[in-house]
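First up is the structure itself, then whatever we jot down about it.
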There are 2 protein chains.
Amino acid sequence: MDKTTRENGPWTIHDIAREAGVSAKTVSRVVNQERGVAEATRRRVASIIEEVAYFPHTGARSLRTTTRDCIGVTLPAPRTRVPLSPTMLNWLFFELDRVFGSKGDFVVFDLNPYALTNHHDYARGLWEQRYSGLVIAGVLDEDDSVVRRVHNAGVPYMTSCRMDSFPECSSATIDIEEGAYLSTDYLIRRGHKRIGMLKPFKNTQPGNARRRGYARACAAQGIEFDDSLVRPITLESADVINAVFRLVSDPTVTALIDSSGAEDSASIREGVRRAGRILGKNIEVLPWTYSHKATVLNEACAHLWLPLREAMAEGFEHLEKWFRNEAEGPIEVLYRCILRDTPGEDEFREKQTVFQLIT
Amino acid sequence: MDKTTRENGPWTIHDIAREAGVSAKTVSRVVNQERGVAEATRRRVASIIEEVAYFPHTGARSLRTTTRDCIGVTLPAPRTRVPLSPTMLNWLFFELDRVFGSKGDFVVFDLNPYALTNHHDYARGLWEQRYSGLVIAGVLDEDDSVVRRVHNAGVPYMTSCRMDSFPECSSATIDIEEGAYLSTDYLIRRGHKRIGMLKPFKNTQPGNARRRGYARACAAQGIEFDDSLVRPITLESADVINAVFRLVSDPTVTALIDSSGAEDSASIREGVRRAGRILGKNIEVLPWTYSHKATVLNEACAHLWLPLREAMAEGFEHLEKWFRNEAEGPIEVLYRCILRDTPGEDEFREKQTVFQLIT
DNA sequence: CTGTTAGCGCATTCAA
DNA sequence: TTGAATGCGCTAACAG
């Protein structure tokens with residue numbers, strides 16, 4: 001006979017209590033490893049629990065407790081609007097398993113709350129009190145109100161994005177503005193006067209910070225800031241190609257910053273080609289990348305490394321402690337972007353020297 | 001003032017009721033989109049719900065209902081014992097998001113239940129009534145008792161592995177025995193008499209089925225079955241190298257089936273090299289792979305494709321319907337393995353012809 | 001060391 | 001169309 005289910009469903013704490021001849025509270029004490037139970041009693045109860053494979057009903061338990069052994073993961077917008085690359089999502093999955101899962105916690109993904117007709121709130125799992133910690137992965141709109149409510153709820157949470165309008169937001173990310181400054185400054189120092197920029201993430205801090213860093217570098221070097229050179233893009237190939245084409249068709253534009261981090265070399269090449277320019281010859285490109293060593297374009301004059309994953313990994317460590325009540329929030333991790341003017345090979349240096357400005 | 005939280009925490013159904021001047025039951029009706037509420041009442045209640053951002057407490061709800069909007073994912077054994085490749089785990093993640101997540105369901109990963117001292121049961125999330133469906137990803141032991149309890153619980157579930165001792169188990173997988181038969185038969189027909197086999201997954205159906213298929217092919221062709229040629233391995237490189245070395249050191253062994261699916265060409269090469277044999281020249285190898293087109297070894301005489309992911313994908317579609325009560329279980333998806341004797345190029349055929357048996 | 005009582009927030013049952 | 005009462009399984013507070 002299967003003793004692991006009763007007539008009316010799973011065993012409850014009362015069934016165990018009856019079987020063991022003790023009260024429900026005593027069973028509760030055993031289950032939760034509280035003190036104040038005689039060793040003999042504890043063993044008797046434990047053996048029954050074992051025998052019938054009793055597990056407490058989490059829902060019922062959650063009615064009396066506030067902490068959960070679940071960490072939630074969600075996206076601040078539909079992926080169609082604010083894309084998260086499969087690479088990043090994949091990294092997230094393994095990283096969260098490493099930090100939370102390995103401790104025996106449940107990792108709960110709610111990646112499509114927008115799929116439902118009546119729920120658009122990406123933090124719904126938190127309001128429904130499913131989990132007691134939340135990872136918000138992706139780019140937040142500046143006017144996102146959900147994250148503020150998450151913050152005010154006092155729950156451990158972490159975003160991968162800062163917000164100008166909400167600086168106290170718990171986040172682990174990179175200094176985009178400085179990255180944009182470094183990139184622009186570098187190109188200006190190489191003699192460029194009119195530099196195009198592919199700027200993704202409209203109406204967001206990461207988007208705005210790109211323009212700010214760009215403008216600040218121009219100002220610092222006494223170069224006129226032309227906003228039409230900063231071109232908003234989505235991460236879709238056609239859009240990128242078109243933006244590159246438009247920017248680079250202007251012969252006075254001699255350099256291009258691809259600040260998308262999409263590593264979409266094909267689209268950049270195609271846009272440059274359509275404009276009749278030659279990469280690394282009469283047009284220099286500086287692509288951004290999330291990978292330490294990646295060379296997005298061989299012809300690139302330099303790469304900007306955005307150590308976002310590294311920042312998030314550190315953030316997760318903090319979040320896990322916060323989640324366990326062994327640390328406090330909010331999380332403030334901000335890594336600097338690194339400009340790499342060589343992709344690792346000396347031959348690359350030569351290429352740079354060969355470069356001729358065409359103005 | 002923030003209306004989204006009360007003094008004592010989140011709003012409850014009663015707070016909404018009080019605010020709207022109705023009973024809790026009416027609010028419940030609105031929340032769950034039940035009929036029997038006047039349109040005016042419904043709108044009034046709904047607007048308050050919207051205003052204060054009320055979400056029902058899942059735990060409380062779960063006390064009264066049996067279905068959950070969560071699908072659980074777990075592993076039948078610690079990864080150290082029964083490894084699941086990152087590739088497969090990654091695929092799983094995206095696939096489950098596609099099938100379940102896209103419908104707005106929560107996808108709950110419990111990949112390390114073994115990390116806890118007092119819980120070793122990989123289906124714990126089910127017993128705790130967190131989710132109403134479970135994906136068991138990985139290789140089951142023949143004497144696994146948990147899966148039987150899951151089965152008896154009547155819950156939608158799916159494994160990626162059959163069990164000889166439990167044929168009614170809900171699974172979507174591949175016919176390993178036939179795959180082993182096909183592989184062995186193919187090599188025998190090529191003139192091989194003594195064929196080594198690297199056999200992973202001890203004490204499991206997939207493990208046993210490999211030996212059975214191998215032995216059956218020998219019997220069918222009147223070749224003596226020598227059990228010492230079927231070599232149990234783990235997926236660790238050192239183990240694979242050693243097993244290959246031992247098998248191939250026997251000069252009467254002229255062919256090798258790598259039935260691990262690990263696509264670990266480096267280890268196979270190394271083992272062959274250490275034994276002083278030459279791949280494709282005086283030793284033929286037939287590797288198994290989970291990828292449709294992958295060529296594990298250029299020198300391979302053939303590949304066996306295990307369409308496991310394809311089978312699981314179909315299984316997930318069924319599971320999702322079962323989960324939604326639009327279909328019944330158990331799931332019975334069994335795909336055939338495909339032997340590919342050319343890796344797509346004609347040059348390969350030539351290589352095969354060149355092959356010389358050295359007995 | 002152990003038990004009793006109460007109530008968490010919700011949905012079901014039954015009544016109005 | 002609406003509401004009151006009840007209890008799901010558990011734990012906190014208190015009592016013994």
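Quick caveat: nothing in here was measured; it's all calculated off a predicted structure. Chain naming here is simple, since letters A, B, ... match the order of the sequence lines and numbering starts at 1 in each.
One can place CD of B:Gln129 at 9 Å from C1' of D:dG9, the figure rounded to the nearest angstrom. Rounded to whole Å, the distance from CG on B:Leu63 to P on D:dT11 is 12 Å. Taking atom CG of residue B:Asp15 and atom P of nucleotide C:dC8, one finds them 11 Å apart after rounding to whole Å. Atom pair A:Arg68:CZ and D:dC10:C1' shows a separation of 12 Å (rounding to whole Å applied). The nearest whole Å value for the distance from the CD1 atom in B:Ile16 to the P atom in D:dG3 is 15 Å. Per the geometry, NE2 belonging to A:His57 stands 17 Å off P belonging to D:dG7, to the nearest Å. In this structure, CZ of A:Arg18 is placed 14 Å from C1' of D:dG9, rounded to the nearest angstrom. The interatomic distance linking A:Ile49 (CD1) with D:dC10 (P) rounds to 10 Å, in whole Å.
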Indicate every side-chain donor-acceptor pair of residues 43-50 of chain B with a distance under 3.5 Å to a residue at least two apart or in another chain.
{"from": "B:Arg43", "atom 1": "NH1", "to": "B:Glu39", "atom 2": "OE2", "distance (Å)": "3.3"}
{"from": "B:Arg44", "atom 1": "NH1", "to": "B:Ala20", "atom 2": "O", "distance (Å)": "2.2"}
{"from": "B:Ser47", "atom 1": "OG", "to": "B:Arg44", "atom 2": "O", "distance (Å)": "3.1"}

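Within the structure, a side-chain polar atom (N or O) of A:Ser23 is placed less than 4.0 Å from OP1 or OP2 of C:dG3.
Looking at residues two or more places apart in sequence or on another chain, you find no ring pair (Phe, Tyr, Trp, His ring centres under 6.0 Å) involving B:Phe201. For A:Phe100, the ring pair (Phe, Tyr, Trp, His ring centres under 6.0 Å) partners at least two apart in sequence or on another chain are A:Phe323. Among residues two or more places apart in sequence or in another chain, the ring pair (Phe, Tyr, Trp, His ring centres under 6.0 Å) test is passed with A:His151 by A:Tyr157, A:Phe166.
Under a 4.0 Å N-O distance rule, the pair A:Arg324/A:Glu320 qualifies as a salt bridge.
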Pull out every protein N or O sitting under 3.5 Å from an N or O of nucleotides 11-14 of chain C, one pair per line with the distance.
{"from": "C:dA11", "atom 1": "OP1", "to": "B:Asn32", "atom 2": "ND2", "distance (Å)": "3.2"}
{"from": "C:dA11", "atom 1": "OP1", "to": "B:Arg61", "atom 2": "NE", "distance (Å)": "2.7"}
{"from": "C:dA11", "atom 1": "OP1", "to": "B:Arg61", "atom 2": "NH2", "distance (Å)": "3.2"}
{"from": "C:dA11", "atom 1": "OP2", "to": "B:Ser28", "atom 2": "OG", "distance (Å)": "3.0"}
{"from": "C:dA11", "atom 1": "OP2", "to": "B:Asn32", "atom 2": "ND2", "distance (Å)": "3.4"}
{"from": "C:dT12", "atom 1": "O4'", "to": "B:Arg64", "atom 2": "NH2", "distance (Å)": "3.3"}

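For DNA chain C, none of the residues of residues 36-44 of chain B falls under the heavy-atom distance limit of 4.0 Å.
Contact of the A:Arg42 side chain with the A:Val30 side chain is registered, since non-hydrogen atoms from C-beta on lie closer than 4.5 Å. The closest side-chain heavy-atom distance from A:His57 to A:Thr12 is not below 4.5 Å. Under the 4.5 Å side-chain criterion, counting only non-hydrogen atoms from C-beta, B:Asp110 is in contact with B:Arg124.
Side chains of B:Arg130 and A:Ser62: a donor-acceptor N/O pair is absent below 3.5 angstrom, by distance only.
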